[in-house]
Amino acid sequence: MTEHQTMSANAGPGLADYNFAYLDEQTKRMIRRAILKAIAVPGYQVPFGSREMPVPYGWGTGGIQITASLIGPNDTFKCIDQGADDTTNAVSIRHFFAKVGGVATTEHTGDATIIQSRHRIPEKPLVEGQIMVFQVPQPEPLRNLEARETETRAMHAYEEYGLQYVRLYENISTFGRIAATAGYPVMVDDRYVMSPSPIPKFDNPKLHNSPALHLFGAGREKRIYAVPPFTKVESLGFEDYPFEVQTWDEVCGLCGAKHTYMDEVVLDDDNNRMFVCSDSDYCADRRAQGHRGPHAGHELTEIAEDVSKNQEVMA
Amino acid sequence: MAYVAVKGGERAITNAHNLLAEDRRGDQSIPEIEADQVREQLSLAVDRVMAEGSCYDRDLAALAVKQSRGDIGEAIFLLRAYRTTLARFGVSEAINTRQMRVERRVSAAFKDIPGGQVLGPTFDYTHRLLDFQLMANGETPLERTEQADELLPEQVPNIEDVFAHEDLLEHETAAANENETVPFDLTREPMSFPADRDQRLQSLARGDEGFLLSLAYSTQRGWGGTHPLCGEIRLGEVDVEFIPEELGFPITIGQIMVTECQMISNSRTIGEEPPRYARGYGLTFGHNERKTMSMAIVDRALKNRPAEGEKPEFAAHDEEFVLYHCDNVEASGFVQHLKLPHYVDFQASLQFVRKQREEWAERQAAKEAAE
């Protein structure tokens, strides 16, 4: 990349003074250094000089900074929230990069080089060369066990994870099972306990030996961490109470899938529900291949298609 | 029940922005407020936005207040997001508040002190009665402020000088590392603990007024009391000096209005030193007395660092608690992010609770069958 990339021609009005992808090149360099360190020490939280962004803390500032420091004019960017491309904040972030970088955007997991996400990993298996960027509200997996950063840093340094296992054991004695359902802690490369961000534990196995690079950015807490490609990622558990993922009795109302993570849609005030794939692109793909669920043709599919049309107009 | 409300999309966002702009403008038969009116007539809102926005620019702060419809937290956020894009060309020399052109200066420690008590523009002794004239005429005739017979001294010694003869005040050190010429900058580096004084003071100076006010108040009510006394509070303009590399000597690049407060608190003896008063320091851009006094009290409270291995007893003594939570842009963003969809993690949690309920129902049924 050149020292000072300027805004592309289709940048919005009033943004002409900002650098390509918003951050200045020195800041991008600082973030890339943090990313490199994070990749070198898988699962370790690297403090970095997180900048104040034009979106609020808690709304993806960490992910946006990682994406901004990596994205180039040849990248194709996908942004999802809750697995869907059409949720407001995902639309807003995608719009931001289209505006300040003029980069190509997509909803198709397979076409994307960088996928920024909040709370999900796409259903379609990622491939070598793809980068997942997670928005992380709380990078510290031990924070609910120990409030102090000075303490938790020491616990990681000494690999002192007894407290974490005691918490899991207490869960089992209280509830009969491990209570964590999203943000389920993982052990990375047999060394660091890491929060996978609040993805459902359903997605945890996708991190293990993934050919893609997974980067985690916490803007407000000023931490970056990573799971490099082909790294061992193990969800915590016990021999007699092993880690398990969620399953549904229902199938996706739109595409009939049974093996995906589901959103529950409240249809009326009579307790009628429909379950649909949380990954909207994956679901649309299946419908395009001819799969049909019990609610096929529901207005929800029209909305999704309507949004795709809008996206094309915008790009 | 419409699902459209949950799935937002581009169009919803655009429409929401348009509606927001309409609401900001309000009734169009009423003239639009100008940013310079905000700057001149809502000057204390502007001052607070500059202080917590860490950016001394009255015009931009006024614009932020206007654009945010008077939501001060939002205005601070706007100014911060602008500030972060500015190029840095260096660090100024430390300002010298002894050379402040004082507009207001009071001390609660002595009846009179060198330089005198100067009341200045303050709400302190106003009676808080709504002035309906301000509403009726729009304009209130100003009574001429009487001119003093003698000019204020050019340099008003500060409370430190008053105590210096007896060496009664604890000595302040500039930074833990004296060789460090560039102060810690929270907007460039992440917070680290234990925090040095520069990091602490920067954090407090940017910190939320309401949060610091309540913390300071909590110490006064016995939650970690330090018996503060307002040694001095002063308001006025100071010069900002900068040494350009090509010159090698300081030049004045501008004047800024600041509020400074020195809180004196109960004496303490450190090691073999004679007993001295401890103190807390507060400094903000603009006229922000409530904030500056709170900052000074909290700074003092944070000097009660617990011994190695011990935990602080009170919130105001707890460095990690105070510094991690005093920033209102961080706090506001994170609290309000709860508005974002959480249905993936909520679905995960629902499954868990439903499973628990199923098992509970099974247990109940078994119990009833046994009876």
Side-chain angles (χ1 to χ4, degrees), chain A residues 17-18 24 47-54 56-59 61 81-84 86-89 91-92 95 118-120 137 147-150 175-177 179 181-183 198-202 220 222-223 246 261-269 278 299-300 303-304 306-307 310-311 314, chain B residues 1-4 6-14 16 54 74 77-78 80-85 87 185-194 311 318-321 324 327 329-353 355-356 359:
Chain A
D17 294 336
Y18 292 109
D24 61 276
F48 80 111
S50 176
R51 297 295 190 254
E52 296 191 89
M53 301 298 285
Y57 287 115
W59 298 57
T61 54
D81 189 341
Q82 313 296 298
D86 60 346
T87 30
T88 31
N89 204 42
V91 170
S92 166
H95 200 173
R118 184 171 161 261
H119 294 190
R120 276 311 308 274
R148 280 166 212 286
E149 174 69 8
T150 36
F175 306 112
R177 59 176 59 78
T181 53
I199 57 174
K201 62 180 181 173
F202 181 90
R220 187 180 44 81
K222 299 166 181 62
R223 297 287 185 274
Q246 290 102 338
Y261 192 85
M262 305 278 183
D263 274 348
E264 182 173 335
V265 182
V266 180
L267 294 174
D268 54 30
D269 294 340
S278 123
E299 59 170 324
L300 209 54
I303 294 163
D306 191 31
V307 169
N310 279 347
Q311 289 304 318
M314 194 186 84
Chain B
M1 188 168 283
Y3 193 71
V4 193
V6 185
K7 298 253 169 178
E10 181 68 13
R11 220 169 6 173
I13 293 180
T14 310
S54 294
E74 185 66 26
F77 183 12
L78 281 170
R80 289 247 195 117
Y82 171 78
R83 174 194 191 272
T84 189
T85 66
D185 185 354
L186 272 175
T187 66
R188 300 268 123 177
E189 296 164 68
M191 197 87 85
S192 71
F193 293 98
K311 286 184 177 169
D318 191 329
E319 184 173 80
E320 254 199 62
F321 177 80
Y324 261 134
D327 190 289
V329 177
E330 289 178 2
S332 160
F334 200 51
V335 166
Q336 296 201 66
H337 106 283
L338 294 175
K339 288 182 278 192
L340 288 177
H342 282 79
Y343 34 82
V344 162
D345 29 339
F346 186 60
Q347 176 62 208
S349 149
L350 260 179
Q351 271 205 344
F352 181 80
V353 173
K355 187 87 193 141
Q356 293 296 117
E359 288 171 6

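Atoms considered below: every heavy atom in the structure, side chains included; atoms not considered: hydrogens, waters and symmetry mates. Just so we're clear, the structure is a prediction, and the values are computed from it rather than from any experiment.
- Rounding to the nearest 0.5 Å gives a distance of 6.0 Å between CZ of R177(A) and CZ of F352(B).
- Atoms OG1 and CG, on T181(A) and L350(B) in that order, are 9.5 Å from each other to the nearest 0.5 Å.
- More than 12 non-hydrogen atoms from other residues, nucleotides or ligands lie less than 6.0 angstrom from CZ of F334(B).
- By number of non-hydrogen pairs under 4.5 angstrom with chain A, the leading residue of L78(B), T85(B), D327(B) is T85(B).
- Remark: K339(B) NZ to N89(A) CG distance equals 11.0 Å, nearest 0.5 Å.
- Note: R220(A) leads K222(A), R120(A), R220(A) in heavy-atom pairs under 4.5 Å with chain B.
- Looking at S92(A), both its backbone and its side chain come within 4.5 Å of chain B, counting heavy atoms on both sides.
- For the pair R118(A) (side chain) and P341(B) (backbone), a donor-acceptor distance under 3.5 Å is present.
- The contact between E330(B) and chain A is made by backbone and side chain atoms together, counting heavy-atom distances below 4.5 Å.
- Counting heavy-atom pairs closer than 4.5 Å to chain B, the top-ranked of the candidates G83(A), A182(A), A179(A), P200(A) is A179(A).
- Closest approach of M262(A) to Q347(B), counting heavy atoms only: O-CG, 3.3 Å.
- Not counting sequence neighbours, F77(B) has no partner by the ring-ring contact (aromatic ring centres under 6.0 Å, His included) test.
- A donor-acceptor pair under 3.5 Å links the side-chain atoms of Q82(A) to the main chain of V344(B), judged by distance alone.
- Checked by atom type and distance alone, the side chain of Y261(A) pairs as donor or acceptor with a backbone atom of A348(B) at under 3.5 Å.
- Contact between V329(B) and E52(A) at its shortest, heavy atoms only, is CG1-OE1, 4.4 Å.
- Residues R223(A) and P190(B) approach most closely at NH1-CB, 4.2 Å, considering heavy atoms.
- Only the backbone of A147(A) has a heavy atom closer than 4.5 Å to any heavy atom of chain B.
- The two atoms that bring P54(A) and A81(B) nearest to each other are CA-CB, 3.9 Å, heavy atoms only.
- Under 3.5 Å, the side chains of T150(A) and E320(B) contain a donor-acceptor pair of N or O atoms.
- Between atom OH of residue Y57(A) and atom NE2 of residue H337(B) there is a gap of 15.0 Å, rounded to the nearest 0.5 Å.
- Heavy atoms of R148(A) lying under 4.5 Å from chain B belong to its backbone as well as its side chain.
- S192(B) OG to E149(A) CD: the interatomic distance, rounded to the nearest 0.5 Å, is 10.5 Å.
- Looking at D318(B), only its side chain comes within 4.5 Å of chain A, counting heavy atoms on both sides.
- Top candidate by heavy-atom pairs under 4.5 Å with chain A, chosen from K311(B), R83(B), M191(B), is K311(B).
- In this structure, the ring-ring contact (aromatic ring centres under 6.0 Å, His included) partners of F193(B), at least two apart in sequence or on a different chain, are Y324(B).
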